[in-house]
Structures are given as C-alpha cells and as structure tokens.
There are 2 protein chains.
Amino acid sequence: MRQGCINILQVCRINIFDYFCTMMKRRNTATQEAVLAVLTSKRRAMSQDAIVKQMDVRADRATIYRILNRFCEDEIVHKIVADDGKQYFAVCIKCDEKTISNNHFHFRCTKCETIECLPTIVEFSAPQNYKVQQMNCVLVGVCKDCD
Amino acid sequence: MRQGCINILQVCRINIFDYFCTMMKRRNTATQEAVLAVLTSKRRAMSQDAIVKQMDVRADRATIYRILNRFCEDEIVHKIVADDGKQYFAVCIKCDEKTISNNHFHFRCTKCETIECLPTIVEFSAPQNYKVQQMNCVLVGVCKDCD
DNA sequence: TCATTAATGCGACAAGGTTGCATTAATATA
DNA sequence: TATATTAATGCAACCTTGTCGCATTAATGA
C-alpha cells in the first residue's frame, strides 16, 4: 500500500484502517486501530510513549512497538531516530515507488517535544561511489507554535 | 577554542591536547589525551565502545562519556546520533563562529559500521518562524571502500 | 462452530547512557 | 619541594528505550 493512497482514502472517506487490514492481510484489532488513529490525527512523528498517552485503549509497550514496526514494514508509517536517540513514527506521504520514504527533513521542537515532517526534500550530493539507501535528517529548534 | 584551529595546530606541529588543556583550563590526563588521540587519528565519528577498543589506556565507560561530553562543551568535538540511536563523536572543522557545528552531512556505512563527516553542508529551508538551532543529518548506505 | 494462527500481555533481558559518591591525582600556591 | 584545592576518575547503581520468548487470547476463514 503506497502512502500517497492514504490521503486519497481520507478524501473519499474510506476507513483507512479497514482498507489497510484487507490490503496487507492484517487482523482488525482495537489496539492497531487506536495507534493508527493517533498517528493520523496528530500528523506528527510520535514516540511510543507519546502515542500511548493519546490512546483510549490500553496496551502493552511491546505490543505498541510490534504494531509500529509492522506499520513500517507495510510502509504506511516511517521511522525517524531523533537526536535524543529515540524512535519516532509518522504516517507520511510517499507516492513514488522510487523515492526513499524518509527523504524529507524532520523538525524536532525542543519546547513542545514533537517532531514534524517538513515538506522540504533533502538535497544531498554524496561523494562518488557512495550508495545512499536511507537517510535520517532532523533539524532541531523551536517551531512556530512555540515561539 | 575554534575547531578550525586544530588543523592549523597540526600543520604547525603543536600538540593539540596541550594547547587544549591550557586554553580550556582542563587538566592534562592520560585518558583524555588517549581519547582525543583516537578521534584525531581515525578522523571518523566513533561511538564510545569503538573509541575504547582503540585506546591503549584503560578507562571506565562513564569516564569516557564524561570526557566526550566535555569535549563537546569545549567545542573541539561534535556529537551525532545515528539512526541506530547511538551517539557518535567526531573532531571536526568549524571556523566560523556563526555556523552550527553539525552543519554537514554524515554518512553511516552499514558494512564497515563507521560514520564519516562528509564535506557537504546541509542546505535547508525551514518554514517561516521556525528557529533551527541544531541539526543531525545522517545518510545511510555503503561507502566507497566497502562497495 | 471450529481450527488456525496472528496479535497480545507479561516478564525478562540487553544496550546505551547518566548520576552519586568516594578516591585519586593534576595543578597552583606557599 | 611540600601542601591544599578541586578536577578527573572508578565503581556501582540506576534509568530509559527497545527487543524477545512464550503462553494466552481472539480475529479470521472454512
């Protein structure tokens, strides 16, 4: 399932999670639905503990991590490791098969402690004979809401 | 002590560590000297355990971290958090007071497991009213030596 | 309705990093 | 050179983040 699809689904008012379950042959569970609901509503990259705090269903830490990693495998979520060493997860847009899912900048606000996916694509020029397969770029500072 | 100075010192064959001790009013200890020696000789960003392995002097884990963080405060070393969540430290060049010490890309090679400071400066354009104070940009892939 | 097995909860664990505190030793001063 | 000061160190304990094994639960297909 391409992530660009998610936006189309939202516009068409199709339940993303149901669609995801059918497409990826995943079971429809309350916990998974809750995790995805939080991520899609917040539209930010969130850490496991931040996600749990926003959830109405209680669930084990290991379970949340398993769900998030599953979402990453299925490519409906991508993972960022911030400069605090923690993993953050975000539902993000990616329509082109060829692009790296993490090809944009992220912004971590030190005041509100959230991470945002910026629309800016990372332009890099690696030296000759270097093969770039992934990237993890985080800008750190204060976002417009906290300034 | 500005980091650009380090290169000048090397050219002039002045002992960097002695200079550092006088300038920053730090005590001259074998452990600190060893850590800096490893970092300057390898010219890569290294993790605490990688540094220890290369050292001829034995030292406690906590001590190494304290030394590295002190070097960061004194701005002769900068810290990168890679996508594996670990901290890496590198002696790097920075001549301009105004630039962010981490303003360049880093490359983590998944084969030789090292992190290199690339000469490429990160060009970013944060949205309006976002204040960027730090950055942490890591490209991941295979370096020229491992290809 | 039942069988299959994906998903979960629990507990244990590992790695990475930090902190408190007593001890050691580098430096400044007499 | 001897002494006082205190930065630097070692050790142990601790915290946080993330993972894994295994028994149990429950979603799905037949």
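Letters go in sequence order (proteins before strands), and every chain restarts at 1. Basis for what follows: all heavy atoms, side chains included, without hydrogens, waters or symmetry-related copies.
Applying the salt bridge (charged side-chain N to carboxylate O under 4.0 Å, His left out) rule to Glu116(B) yields the partners Arg44(B); only residues at least two apart in sequence or on another chain are considered. Lys131(A) meets the salt bridge (charged side-chain N to carboxylate O under 4.0 Å, His left out) test with Asp147(B); sequence neighbours excluded. Evaluation of the side-chain hydrogen bond (donor to acceptor under 3.5 Å, both in side chains) rule for Thr31(B) yields no partner, not counting sequence neighbours.
A distance of 10.0 Å separates CD in Gln134(B) from OG1 in Thr110(A), rounded to the nearest 0.5 Å.
Atom CG of Leu68(A) and atom C1' of dT8(C) are 14 Å apart (whole Å). Following rounding to the nearest Å, Phe20(B) (CZ) and dT27(C) (C1') show an atom-to-atom distance of 15 Å. The CG-P distance, from Asp84(A) to dG18(D), rounds to 9 Å in whole Å.
Note on the helix from dT1(C)-dA30(D) to dA30(C)-dT1(D): angle between the axes of the first and last five pairs equals 30°, rounded to 10 degrees.
Pairs engaging residues 55-74 of chain B under the ring-ring contact (aromatic ring centres under 6.0 Å, His included) rule: Phe20(B)-Phe71(B) [sequence neighbours left out].
Between the side chains of Gln32(A) and Arg70(A), at least one donor-acceptor pair of N or O atoms lies under 3.5 Å.
Between Lys86(A) and Asp49(A) there is a salt bridge, since at least one side-chain N of the basic residue sits less than 4.0 Å from a carboxylate O of the acidic one.
If you check every strand for non-hydrogen atoms under 4.0 Å, Asn69(B) touches sugar and phosphate atoms only.
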Scoring nucleotides 4-17 of chain D by protein non-hydrogen atoms under 4.0 Å (B base, S sugar-phosphate only, - none) yields --BBSBBB-----B

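In plain terms, the two heavy atoms of Val138(A) and Ala82(A) that are nearest each other are CG2-CA, 4.2 Å.
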